[in-house]
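The structure under discussion appears below in the form of structure tokens.
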4 protein chains.
Amino acid sequence: MRADAVRNRERIVTNAVRLFAERGPDVQMCEIAAAAGLGVGTLYRHFPDRQALALEIGVSALRAMTEFAGAAREREDSAWGELHAIVRHCATLPLALAKSLSELVPEEAGLAELERSVDDLLADLVERAQKEGTLRKDVPPREVVRLVSVVVCRPGARADDYLTVVMLDGLRAD
Amino acid sequence: MRADAVRNRERIVTNAVRLFAERGPDVQMCEIAAAAGLGVGTLYRHFPDRQALALEIGVSALRAMTEFAGAAREREDSAWGELHAIVRHCATLPLALAKSLSELVPEEAGLAELERSVDDLLADLVERAQKEGTLRKDVPPREVVRLVSVVVCRPGARADDYLTVVMLDGLRAD
Amino acid sequence: MRADAVRNRERIVTNAVRLFAERGPDVQMCEIAAAAGLGVGTLYRHFPDRQALALEIGVSALRAMTEFAGAAREREDSAWGELHAIVRHCATLPLALAKSLSELVPEEAGLAELERSVDDLLADLVERAQKEGTLRKDVPPREVVRLVSVVVCRPGARADDYLTVVMLDGLRAD
Amino acid sequence: MRADAVRNRERIVTNAVRLFAERGPDVQMCEIAAAAGLGVGTLYRHFPDRQALALEIGVSALRAMTEFAGAAREREDSAWGELHAIVRHCATLPLALAKSLSELVPEEAGLAELERSVDDLLADLVERAQKEGTLRKDVPPREVVRLVSVVVCRPGARADDYLTVVMLDGLRAD
DNA sequence: CATGAATGAGCGTTCATTCAT
DNA sequence: TATGAATGAACGCTCATTCAT
């Protein structure tokens, strides 16, 4: 693949991510292309259709999540710490985006499956936090994951805002 | 107004509410009409355009909120109790919807203003709860309102689900 | 036919004539009905569809023309005088109207035929005027009729305006 | 601009002119597109909406008129000659069209203003003809302009037909 | 019989996608 | 290969016509 083709593809993805995040899933293809400083045709050369673009973005965001979670596990020395790190990181972007895009890709594409695997991973983390006694035990892990998702995926979420803090306080054991 | 016209108007509103809630703000007009068992023309006779429909629904949802809040103040004997009642009620519907529709109506329509007045009302309630010592004081009232909105407006929210409970626990003083 | 039904029919025709004349052939049915102080349903009871209404108006306007021409022949003592009278009368309304409506009715309805018979009548009149020496002879009668139609059918035509006068001067022999 | 895009734009304009002239201002957009051998989308790429198309056509027709009038002034050696030339030219097309389109564009677009400026130009020409003694003086210039417009704008007008001749004879001094 | 609410085909317009340049 | 012009299916909305009240 030629160097400039690679650069173009990256520009498309970067700008698509930004626009999808800023303005929701209805952004027009030609606007994404324009934001990347390219013609629509070039966009379509890289992604056969709108779904493919959404899929690519969703998948890479979720993969990034998985990787980040793995790294956090190495770095942090408590499940609660991992959770904090992840929440802080998510608020920077990717999970919210992936959710907002999932309405654009069909079931078969497997994005939902990937989402589920990220949820599994988080549920597992929550369970560990419950076991280590830092997270309240009266809420099923899945539900904690949903709560975290909701709070973290709201548009404009930031790691240190009151909402996140209150949520974490609500989750802490005791 | 003829009896059946009234019934039809109600059917339109009911179905529009349901569809907007279930599938977001992009539902097609003719689908709403079909869901109500009517032709598009009928829908347009009752609501001159898509905005008008969204506005009607948004406004009536917010008005219902205001009324409910007033009634709750009579009925409950603590601000915390009022908040519980409202959260429980919201989860049944209206606030979430109004927010999701606000992107469909132009600024001048005044929906945003109405939203703000509901937020004021809630912020006031939160402040009272803080004064009576039932709600933690380290979060500004406005932020509490945002949190409540986010949790309550997520699609599929229910009064008694874990998310709501955790959020309320996170808000309780101490 | 009941007395009020007759009155309604008349009101419809009167108002339709006025609206077609004032605003061209695109007026909406329900506007005509409203102008007549009636519901659309009533309009459709009297005229099965838009064409039927147009036809009725066109036909009666042309018949009125024919009658007027006949009366003028009795009354006036020169073909030139008849022509003057007719031009003056036309400018009050009917011919223009009939022409503007003819695009609304299908060929088979026979409006065109009626129009042709009125044109014949006028052509005959012109020929007589040429024979009596009051109207220039170098223009074929049919062409004179077309000229008169154009001038008289322009919206806002009046019997005594400059256009009519110039035309008549242009037609006078010598 | 690409060569074929230019060609397409021209094809659209040409066909729109023809269709508006032949069938009045109600022609459908997709018919214009089809007549040009193009899809609707292409039409809309060149002209954002129906008004824009009408405006373009109207404006360019009127500009052509102005230019032609200027050229005629150079070429002809009497105001009467200029009038003849213009009438002959108009009958080929543009003025009629512009008038019929003016109902499609909103007041602000300025088409009416342009029309007025063309009328001014003609009125001036008429006045000069009156001064040089070739055109009857008992009709105000504005009225002459109206007459010329009516006669020349009738659908199917031709420079050498009897109507035009009679009109000019009616206008000649004495 | 009068009414005006309901209907739905049809037009103007948008935008994802294709393809000539 | 990159471009952006061309395409046409699909959506919002209108209005002639029908039919329940």
Side-chain angles (χ1 to χ4, degrees), chain A residues 1-2 4-5 8 26-34 36-53 104, chain B residues 1-9 12 26-34 36-53, chain C residues 1-2 4-5 8 26-34 36-53 104, chain D residues 1-9 12 26-34 36-53:
Chain A
M1 198 169 184
R2 264 164 46 180
D4 61 341
N8 283 342
D26 293 344
V27 227
Q28 296 165 223
M29 292 304 266
C30 73
E31 203 169 358
I32 294 174
L38 298 167
V40 234
T42 311
L43 198 166
Y44 275 91
R45 165 169 297 276
H46 288 282
F47 301 95
D49 60 19
R50 165 175 264 267
Q51 278 178 19
L53 177 59
L104 294 182
Chain B
M1 200 172 182
R2 252 163 55 179
D4 60 339
V6 174
R7 204 173 47 249
N8 283 339
R9 192 190 166 94
I12 289 168
D26 293 343
V27 227
Q28 298 163 222
M29 292 304 264
C30 73
E31 202 170 357
I32 295 175
L38 299 167
V40 231
T42 309
L43 199 166
Y44 278 94
R45 162 172 286 268
H46 289 283
F47 300 95
D49 60 17
R50 165 175 265 269
Q51 278 180 20
L53 178 57
Chain C
M1 200 170 182
R2 268 165 44 180
D4 60 342
N8 283 343
D26 293 344
V27 226
Q28 298 165 220
M29 292 303 266
C30 72
E31 203 169 357
I32 295 173
L38 299 167
V40 233
T42 310
L43 198 167
Y44 275 91
R45 166 168 297 275
H46 288 282
F47 300 94
D49 60 18
R50 165 176 264 267
Q51 279 179 18
L53 177 58
L104 295 182
Chain D
M1 202 172 182
R2 254 163 53 179
D4 60 341
V6 173
R7 203 173 46 248
N8 283 339
R9 190 188 169 95
I12 290 168
D26 293 344
V27 227
Q28 299 162 222
M29 293 302 266
C30 71
E31 202 169 358
I32 294 174
L38 299 166
V40 231
T42 309
L43 199 167
Y44 277 92
R45 162 173 287 270
H46 289 283
F47 300 95
D49 59 19
R50 165 175 265 269
Q51 278 180 20
L53 178 58

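Every chain is numbered from 1, with letters handed out A, B, ... down the list of sequences. Because the structure is predicted, anything quoted here is derived from the model rather than measured. Atoms considered below: every heavy atom in the structure, side chains included; atoms not considered: hydrogens, waters and symmetry mates.
Atom CZ in B:Arg9 sits about 15 Å away from atom C1' in E:dA6, given to the nearest Å. Rounded to whole Å, atom C1' of E:dG12 lies 16 Å from atom CZ of D:Phe47. Computed from coordinates, the D:Arg7 CZ to F:dG4 P distance equals 19 Å when rounded to whole Å. Between the CG atom of D:Leu43 and the P atom of F:dA5 there is a distance of 15 Å, given to the nearest Å. For D:Arg45 and F:dT3, the CZ to C1' distance is 11 Å, given to the nearest whole Å. Rounded to whole Å, the distance from CG on D:Leu53 to P on E:dG12 is 11 Å.
In this structure A:Gln51 satisfies the side chain to side chain donor-acceptor pair (under 3.5 Å) test with no other residue, sequence neighbours excluded. By the side chain to side chain contact (heavy atoms under 4.5 Å, CB included) test, D:Ala52 pairs with D:Phe47, D:Pro48, D:Asp49, sequence neighbours left out. In this view, B:Asp4 and B:Arg2 satisfy the side chain to side chain donor-acceptor pair (under 3.5 Å) rule, not counting sequence neighbours. By the side chain to side chain contact (heavy atoms under 4.5 Å, CB included) test, A:Asn8 pairs with A:Arg11, A:Leu38, A:Thr42, A:His46, sequence neighbours left out.
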Side chain to side chain contact (heavy atoms under 4.5 Å, CB included) assessment of A:Leu104 paired with A:Leu53: CA-CA 10 Å; A:Leu104 294 182; A:Leu53 177 59; over 6 Å; no
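Note on B:His46: only backbone sugar-phosphate atoms sit closer than 4.0 angstrom, heavy atoms only; bases stay farther off.
Residues C:Arg50 and C:Met29 come closest through the heavy atom pair CA-CE, 3.6 Å. Among all heavy-atom pairs drawn from D:Ile12 and D:Leu43, the shortest one is CD1-CA, 3.8 Å. Heavy atoms only, all atoms of each residue included: A:Val40 and A:Cys30 are closest at CG1-CA, 3.9 Å.
At least one side-chain nitrogen or oxygen of B:Thr42 sits closer than 4.0 Å to the OP1 or OP2 atom of E:dT7. Taking side-chain N and O atoms only, B:Asn8 has no distance below 4.0 Å to OP1 or OP2 of E:dA5.
Taking every side-chain heavy atom of D:Leu38 into account, F:dA6 is the closest of E:dT3, E:dA6, F:dA6.
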Where protein sits on nucleotides 13-20 of chain F, one letter per nucleotide: B base, S sugar-phosphate only, - none, heavy atoms under 4.0 Å: BBSSBB--
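For DNA chain F, each stem of at least three Watson-Crick or G-U pairs (distances under 3.5 Å) is given as range with range: E:2-21 with F:2-21.
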